[in-house]
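All values derive from a computational prediction rather than experimental measurement.
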Amino acid sequence: MIEKWSFSTTKENIMLWIFAVTDFDGRPCIVCPWHKFKITLATGEGLYQSINPKDPSAKPKWCSKGIKQRIHTVKVDNGNIYVTLSNEPVKYDSDFYATGNFKVIKSPS
């Protein structure tokens, strides 16, 4: 288990968490401490284990849910940590939850 820094961002703040990096199917991932979601460091993909219910003897395999988390470039130089925030115009699931919009119940107009 290796400690790495992971950043979750919103317009209002930057939160810093320490996550354990764990290998799943040859891919380094962080595991959400609340939900146990497995997110690849390289791409932000969510991983899950799948098994064929028609073949209970089959081994479970790791599958992708698609890209769920925005990733940022992190550089360590002389003990300083530099983060270049992603400016991709694509919206990811993590963007929605990071903004707090999911907490607001909107009434139909």
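The closest side-chain donor-acceptor pair between Thr40 and Arg27, if any, does not fall under 3.5 angstrom.
Note on Val31 and Trp62: same hydrophobic cluster, where clusters join Ile, Leu, Val, Met, Phe, Trp and Tyr whose side-chain heavy atoms are under 4.5 Å apart, directly or indirectly. A continuous path of ILVMFWY side-chain contacts below 4.5 Å connects Ile39 to Val21, so both sit in one hydrophobic cluster. Under the 4.5 Å side-chain heavy-atom criterion for Ile, Leu, Val, Met, Phe, Trp and Tyr, Leu85 and Val76 are members of the same hydrophobic cluster.
Of all heavy-atom pairs spanning Ser64 and Glu45, the tightest one is OG-OE2, 2.5 Å. Nearest heavy-atom pair, Thr84 versus His72, reported as atom, atom and distance to 0.1 Å: O-CB, 3.5 Å. Shortest non-hydrogen contact noted between Leu41 and Ile30 is CD2-CG2, 3.6 Å. Considering every non-hydrogen atom in both Leu47 and Cys29, the closest pair reads CD1-SG, 3.7 Å. The two atoms that bring Gln49 and Pro60 nearest to each other are NE2-CB, 3.7 Å, heavy atoms only.
Distance CD1/Ile51 to OG/Ser57: 8.0 Å, rounded to 0.5 Å. In this structure, CG on Asp25 lies 12.5 Å from NZ on Lys38, to the nearest 0.5 angstrom.
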Criterion side-chain contact (heavy atoms from CB on, under 4.5 Å) on Phe37 and Gln69, from CA distance to verdict: CA-CA 11 Å; Phe37 294 155; Gln69 176 70 47; over 6 Å; no
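Side-chain atoms of Lys91 never come within 3.5 Å of backbone atoms of Pro89 as a donor-acceptor pair (strictly under, hydrogens ignored).
In the displayed structure, Lys61 atom NZ is contacted under 6.0 Å by at most 12 heavy atoms of other residues, nucleotides or ligands.
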